[in-house]
Amino acid sequence: GDSVTQMEGPVTLSEEAFLTINCTYTATGYPSLFWYVQYPGEGLQLLLKATKADDKGSNKGFEATYRKETTSFHLEKGSVQVSDSAVYFCALRAAGTASKLTFGTGTRLQVTL
Amino acid sequence: NAGVMQNPRHLVRRRGQEARLRCSPMKGHSHVYWYRQLPEEGLKFMVYLQKENIIDESGMPKERFSAEFPKEGPSILRIQQVVRGDSAAYFCASSPVSDDEQYFGPGTRLTVT
């Protein structure tokens, strides 16, 4: 079945450091790919998405590129801020299905001054 | 436009009791999804409903769990005879059409004592 694998957390970075959170997936066809962010005590918010190979999703300085050849959708940000501290989830929606999202286990990011 | 509303935010039940979790989708959204997040894990899909119809319940446990989305009123996730293993955060999401972005509520944290 479909699955998403994320790098283990927590990830601790100093403010202004470069961020990479790895995400790889297993799915048939061409799924849509997403990054969601969850702040403490809140629900998930969509951060960015890509719906076909080589698409780059970007938002709030974060970006991720849909790589079909490596089945990856790594999240990057050039300079993190303390306010970016949260849990980040990679997810996919299988091609041809109009419903469920399959999530990775999440990666906790802690940014310090 | 209010976001997805869930209540209660926190629910404590003793083993054997029933838990009812409510979800009011965003205005204009007729598609509702329920996900469960166990401690230190990602979200797992449970069920996808449209008004008065269950579209996909492939993630629902076979027993004790049921969901509905009536013509009027919120969607309800019902867990009968709760056990300690049901302790989790339950998130609801809604979308205006089936293949559009899912907007998440803040979740209901169920604790079974």
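Here the structure is a predicted model, which is why all the values come from computation and not from measurement. So that the names make sense, note that chain A is the first sequence line, chain B the second, and so on, each numbered from 1. Every heavy atom of this structure was used, including side-chain atoms; hydrogens, water molecules and symmetry mates were not.
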Within 6.0 angstrom of B/Gln81 CD, more than 12 heavy atoms from elsewhere
no
Flag yes if more than 12 heavy atoms outside A/Glu42 fall under 6.0 Å of its CD atom; otherwise flag no.
yes
Taking non-hydrogen atoms and a cut-off under 4.5 angstrom, which of residues 61-91 of chain A neighbour chain B?
A/Phe89
Is there a path of hydrophobic side-chain contacts, each under 4.5 Å between heavy atoms of I/L/V/M/F/W/Y residues, joining B/Val47 to B/Ile79?
yes
Kindly work out whether a path of hydrophobic side-chain contacts (I/L/V/M/F/W/Y, heavy atoms less than 4.5 Å apart) joins B/Met46 to B/Val112.
yes
Is there a path of hydrophobic side-chain contacts, each under 4.5 Å between heavy atoms, that joins A/Met7 and A/Leu33?
yes
For residues 44-54 of chain A, give me every residue with a non-hydrogen atom less than 4.5 Å from any non-hydrogen atom of chain B.
A/Leu44, A/Leu46
If you group Ile, Leu, Val, Met, Phe, Trp and Tyr by side-chain heavy-atom gaps below 4.5 Å, do B/Tyr33 and B/Leu49 land in one group?
no
Sub-6.0 Å ring centroid separation between B/Phe45 and A/Phe103
no
Can you tell me which of B/Pro106, B/Ala89, B/Ala93 forms the most heavy-atom pairs within a distance under 4.5 Å of chain A?
B/Pro106
Do B/Gln37 and A/Gln38 have side chains that get closer than 4.5 Å, going by heavy atoms?
yes
Spell out, as yes or no, whether a donor-acceptor pair under 3.5 Å connects the side chain of B/Arg109 to the backbone of A/Gly41.
no
What parts of residues 104-113 of chain A touch chain B if we use heavy atoms and a cut-off under 4.5 Å?
A/Gly104, A/Thr105
Do any of residues 51-61 of chain B have a heavy atom less than 4.5 Å from a heavy atom of chain A, and if so, which, in residue order?
B/Asp56, B/Ser58
Can you measure from OH (B/Tyr35) to NZ (A/Lys100) and round to the nearest 0.5 angstrom?
9.5 Å
Is there a path of hydrophobic side-chain contacts, each under 4.5 Å between heavy atoms, that joins A/Leu13 and A/Ile21?
yes
For the CD atom of B/Gln102 and the CZ atom of A/Phe34, what is their distance to the nearest 0.5 Å?
7.5 Å
Checking heavy atoms, do the side chain of B/Tyr103, its backbone, both or neither come under 4.5 Å from chain A?
neither
